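Notes follow once the structure below has been shown.
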Amino acid sequence: MHRFANPTRFLRLAAAVLPFSAAVAALCLGAGLVWGLFFAPPDYQQGDTVRIMFIHVPSAMMAMGVYAGMAISSAIALIWRHAIADLIAKASAPIGATFTFICLLTGSLWGKPMWGTWWVWDARLTSMLIMLFIYLGYMALWQAFDDQTKAARAAAILALVGAINLPVIKFSVEWWNTLHQPASLITMEGPKIHESLLWPLLLMIVGFGAYYLTVLIFRVRAEIHQRRTRMLRMAQADRHNAMQAAD
Amino acid sequence: MSRTFLMLIRRDLLLAHRQGGGSLLAIAFFVLVVSLFPLGVGPAPEMLERIAAGTIWVAALLSVLLSLDRMFQADLEDGSLDQLALLPIPLALVVLAKTIAHWLTTGLPLTLTAPLLGLLMQLSPDAYGALVAGMLLGTPILSLIGAIGAALTVGVRRGGVLLTLIVTPLYIPILIFGVSAVEAAAQGFAISAHMLFLSALLSGTIVIAPIAAAWSLKLALD
Amino acid sequence: MSRTFLMLIRRDLLLAHRQGGGSLLAIAFFVLVVSLFPLGVGPAPEMLERIAAGTIWVAALLSVLLSLDRMFQADLEDGSLDQLALLPIPLALVVLAKTIAHWLTTGLPLTLTAPLLGLLMQLSPDAYGALVAGMLLGTPILSLIGAIGAALTVGVRRGGVLLTLIVTPLYIPILIFGVSAVEAAAQGFAISAHMLFLSALLSGTIVIAPIAAAWSLKLALD
Amino acid sequence: MQGQVSTAAAVLEGRDLAALRGERLIFANLDFTVSAGELLKLVGRNGAGKSTLMRMIAGLVTPFAGQISWHGSPVRDDPDGFCADMIYAGHQDGLKTALSAAENLDLFARLRGIRSQPADQALAAFGIADLADLPVRYMSAGQRRRVSLARLLVAPASLWLLDEPLTALDTSAIEQLGSVVDAHRDGGGMVIAATHADLPGSPGKVLEIVPPDPFEDDAEPSA
Amino acid sequence: MQGQVSTAAAVLEGRDLAALRGERLIFANLDFTVSAGELLKLVGRNGAGKSTLMRMIAGLVTPFAGQISWHGSPVRDDPDGFCADMIYAGHQDGLKTALSAAENLDLFARLRGIRSQPADQALAAFGIADLADLPVRYMSAGQRRRVSLARLLVAPASLWLLDEPLTALDTSAIEQLGSVVDAHRDGGGMVIAATHADLPGSPGKVLEIVPPDPFEDDAEPSA
Ligand code: HEM
Ligand SMILES: Nc1ncnc2c1ncn2[C@@H]1O[C@H](COP(=O)(O)OP(=O)(O)OP(=O)(O)O)[C@@H](O)[C@H]1O
Ligand SMILES: Nc1ncnc2c1ncn2[C@@H]1O[C@H](COP(=O)(O)OP(=O)(O)OP(=O)(O)O)[C@@H](O)[C@H]1O
Ligand SMILES: [Mg+2]
Ligand SMILES: [Mg+2]
């Protein structure tokens, strides 16, 4: 019964990865925060508000990255019917939605001092808001089915269709002229950020990634255990019925 | 009687919850519709401020409209409307209970979300009170009038759109008063007259709507 | 195969007609939503002109959204979706036929009504062409993307609102391009780039959407 | 067309009933009585008007002519009193598919105010106690029907109206329904059932619904 | 659990089929064959999986395990060819209530491309020729069922799948269905029917669906 793909291999791998990812997350986030908040110099234009960047930029990247991961594992699940891929996609969504929310929140906190308003309807901000909705729709679709195998396939189709939003977000700053600042970190010419800000930022980005991996492992494990409980309960009920019928 | 009444409200809340985060979806639709406007109309803040009240109210109205559809339809389709009609209490009370549940799962959450949307639409800070107060009085009226429309169109072909056509014109007075209250408040005027009007409308509809809706439902069951 | 395909379109048109003036209701909703705006925002002509394109497009989008709900739902509920799935042609073709019928009964009539609403909203005379051309290319995309959403949520709890949540984000690019075409035209700029983009989008979705929707429908029948 | 008049005092009585559907007279001059402990079987070909009569007795359809009385007084005068003592199990199940079997039954009993048996016991009477916590959504046609019939046992009522109760039931479920009906009648309850197949258990009266004679003058709706 | 192997060459064959619903195994290791002119009756208690198997044969539900073949080659390889030669009459009628009986039948025949009998004749076979122009919306449960069964006669197909075809039918309609099925079989057609009651006409094979043994190891879904 391959559909309930034997998860032991995944569990073993997860157990091996978990201590590292947890350690990297704790170290990088700790060091990055301290460095970024206390030791990095204030920006000559933005002053101390620039420190919001250390949360804002990593969460923005993770919001998109997690979605990309979700779309890839959905494709894998659809093509190869790989059960763990479904679970990875499912478990990623709430994490990604949270990153998106944090990005929106820190963005508007930053927007108030920088642009004088909490919110503007520029292309990047809007497409980020849309991404939050796609995450929510994806999660709602999972909830809407009782049958988990069906839910998995429906959600996978949605994740793939929704993936067209990713390039829209990424290139929104280039396609439309917006208030939001264009890419300065990942560009053709290399980073355009001063080194004193770059290093703590990179630390934070790695930390966010490791944090995602850690939480993901926990969530997928929980899903696997939940499914096991369900199967055991059903088997028990079937046995009980069979015994009753035999009497 | 009152136990049955409370039980009916609980029933509908339970169903809304079980059938998958009822209010959450209403809220999401509300936010989505509001955010369509800046996309369509353009992001200029002074422009947004001018259309803020109207857009938020129109979006709230549409969100309520969209959720009306299933108020009685689902119960008709699976036969539970028969059972509700055969409860030993007047059908109008059943309708009132369902309407209250509808408001609790749509109107109320929309009202609570509205200030956030005000922020997105650059609503002037003085106007938030009027927005929330107006919606608190106005959304129950939307649910009540909606109940009449939903009952009239239940079981009818293309009921959904027909419902919209019947109900929207009746919603217009509420829209106008709701919006003008917000605009008055933004300009520093008093809004007590608006609120008085909405309260009067609410007391009127809370009496008439359940009775009218109950009549219409009887037709659908006949 | 092509006879079955044409017959399927005829079937849906016949049903839309029998089930009570399908297109008429979509048009009525379209007009209603647009006319709410002068009520909510105030009648100043220069104001209306600025929001005209956006409002018309948003209203068209909402009208299509509202009509999607029943695209497969009615057929699922009475069991005819089983019969359609068992026709000796690929399910994706069935979906395409139904989508075309949907467009013929909503998108097309909306497009034809739009100039009238332009008049109502003081749209600049240069912009009518762009409005109609944009909608002619854009509304089929709305129906096609809508078919995916409708297929994903058919038979699902609270399908209607979930559908909206899923589909609206995907509609936004079309909204943005449709509106900016109208605005470009109003200012005397060329709109060929916009139309090219919409055409490209249309050719893409016409291939992908029926297949994705057919996959999703199979889930609902399983 | 008339049901035989029984010796016991009639509790439910329909007199001179006529039904109009879509401007067509379905049946007319229909009389029947049901006394305590009786079963009335409605028979008639497809489309004769069995379901219509059933809904008319329940009070969902207004009679075009005639009157139904309960304990001697017209039902119209006190519909709520009648409803409190009657359960209608129609064609449709009236179950909420998102809720489990037990939740559906509990809801039904609570809304009616009085409970006669716990849900588990009622489900056991129809052989599906083990499905109590399964959402109805997952159930097969026969399982749903059983749940909907189990409603008869969770709230007390002296009159049961069953419209094609045997639909989708397997033989064991039909037996169970037969004994449930018998027990109800032994306790003085009344049952009206429209069914094409045979309901096991002690036999009851039969009322055959035949279409009105189209040439008879006073049966014409315009009369 | 096995259907008896008939002497004639099997046209439809299911081998080692298993169904999973909601992550639970409903049946497993199911085999059956149907040859020209045969009737296969599916029996089993409520919830045994008759409807599930029916939909699986039709191709609506994907088998969790096993394979169905038609004229010797797997149905999966050419689903459209199989669909063109099969009619599925499920639980739900699949009728459009806004259309009349005749319109519904015409639509069905035209969509399938080939027509075998005019709608009127098909309706007459089920005794409702006079209702041909009545919208289905106005019909009683039994009348609808008759219309939906009349579909079997308007388009040619050698395999009929009937899920509880007797639901809501009165005795005359049941007789009519019996003779329609017999005539189909005489012409070499095949019928699979899930029903709790008896289908009149010449008897067929019986396949009883029993739940898989929960104690058997490889039936455990988590294995
Ligand atoms: C709610 C409002 C905001 C949202 C939704 C938002 C969203 C985003 C997104 C999606 C990215 C993309 C990261 C990537 O390309 O990998 C980003 C990056 C960035 N944002 Fe924001 N942002 C908001 C407000 C702001 C504000 C107010 C500022 C400061 C003026 C700001 C400064 C930046 C910077 C410096 C980057 C890094 C760009 C790069 O290196 O590629 N953002 N933001
Ligand atoms: N989506 C689902 N999730 C979980 N269980 C399901 C689902 N659908 C069906 N089932 C279960 O599958 C079993 C088989 O259902 P099926 O409808 O095939 O039974 P059946 O033999 O046709 O019964 P009946 O005679 O009552 O019609 C039932 O026990 C039902 O509870
Ligand atoms: N709204 C309507 N308009 C016109 N005719 C109707 C309407 N509703 C029902 N009918 C007709 O009324 C008649 C009685 O229907 P009813 O459902 O009571 O029959 P029934 O005896 O229950 O039949 P069955 O055994 O098939 O369930 C049918 O001939 C039907 O065609
Ligand atoms: Mg009937
Ligand atoms: Mg079945």
Side-chain angles (χ1 to χ4, degrees), chain A residues 3 63 67 71 74-75 77-79 81 86 93 97 100 121-172 175-178, chain C residues 51 54 58 65 72-73 92 95 141 144-177 179-180 183-184 193-194 197 200-201 204-205 207-222:
Chain A
R3 191 94 64 90
Y67 193 97
S74 295
L78 267 186
I79 298 168
R81 296 283 163 85
D86 273 335
T100 313
W121 288 94
D122 101 340
R124 168 157 280 182
L125 274 59
T126 307
S127 50
M128 208 57 188
L129 185 64
I130 293 167
M131 180 132 100
L132 180 65
F133 281 112
I134 295 183
Y135 270 124
L136 291 179
Y138 177 85
M139 280 150 51
L141 197 62
W142 265 102
Q143 293 300 313
F145 287 87
D146 301 288
D147 190 330
Q148 295 293 293
T149 40
K150 279 190 194 181
R153 291 193 15 225
I157 294 173
L158 178 63
L160 286 179
V161 171
I164 42 174
N165 194 38
L166 281 184
V168 175
I169 300 178
K170 184 70 197 163
F171 299 113
S172 52
W175 292 348
W176 293 283
N177 53 357
T178 68
Chain C
I51 65 170
V58 170
L65 254 184
F72 303 113
Q73 189 72 33
V95 172
I141 311 179
L144 284 163
I145 296 179
I148 305 180
L152 276 174
T153 55
V154 70
V156 151
R157 298 169 272 174
R158 302 274 290 177
V161 200
L162 186 57
L163 170 63
T164 318
L165 185 59
I166 289 176
V167 165
T168 317
L170 302 176
Y171 277 2
I172 288 175
I174 303 155
L175 173 71
I176 291 178
F177 273 84
V179 174
S180 61
E183 279 168 359
H194 300 90
F197 174 82
L201 212 57
T205 44
V207 175
I208 296 170
I211 296 174
W215 279 354
S216 320
L217 277 186
K218 286 216 179 97
L219 286 182
L221 295 174
D222 197 349

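In what follows, chains are A, B, ... by sequence order, proteins preceding strands, each numbered from 1. Reckoned from all heavy atoms, side chains included, excluding hydrogens, waters and symmetry mates. Nothing here was measured: the structure is a model prediction, and the numbers come from that model.
For C:E183, the side-chain hydrogen bond (donor to acceptor under 3.5 Å, both in side chains) criterion is met by no residue, not counting sequence neighbours. The ring-ring contact (aromatic ring centres under 6.0 Å, His included) test applied to A:Y67 returns A:Y135, not counting sequence neighbours. When the side-chain hydrogen bond (donor to acceptor under 3.5 Å, both in side chains) test is applied to C:Y171, no partner is found at least two apart in sequence or on another chain.
Your options are C:P169, C:G149, C:G155, C:A151, and the one with the most heavy-atom pairs under 4.5 Å with chain A is C:P169.
Identified by a heavy-atom distance below 4.5 Å to chain A, the contributing residues of residues 213-222 of chain C are C:W215, C:S216, C:L219, C:A220, C:D222, in residue-number order.
At least one side-chain heavy atom of C:L170 sits under 4.5 Å from a side-chain heavy atom of A:I164.
Here the closest heavy-atom approach between residue A:G137 and residue C:L162 is recorded as O-CD1, 4.2 Å.
Of the inter-residue distances, the one linking C:I166 atom CD1 with A:L136 atom CG reads 11.5 Å to the nearest 0.5 angstrom. The structure places CG of A:L129 at 8.0 Å from CD1 of C:I172, a figure rounded to the nearest 0.5 Å. Atom CD1 of A:I130 and atom OG1 of C:T168 lie 10.0 Å apart (nearest 0.5 Å). To the nearest 0.5 angstrom, C:L152 atom CG is 5.5 Å from A:I157 atom CD1.
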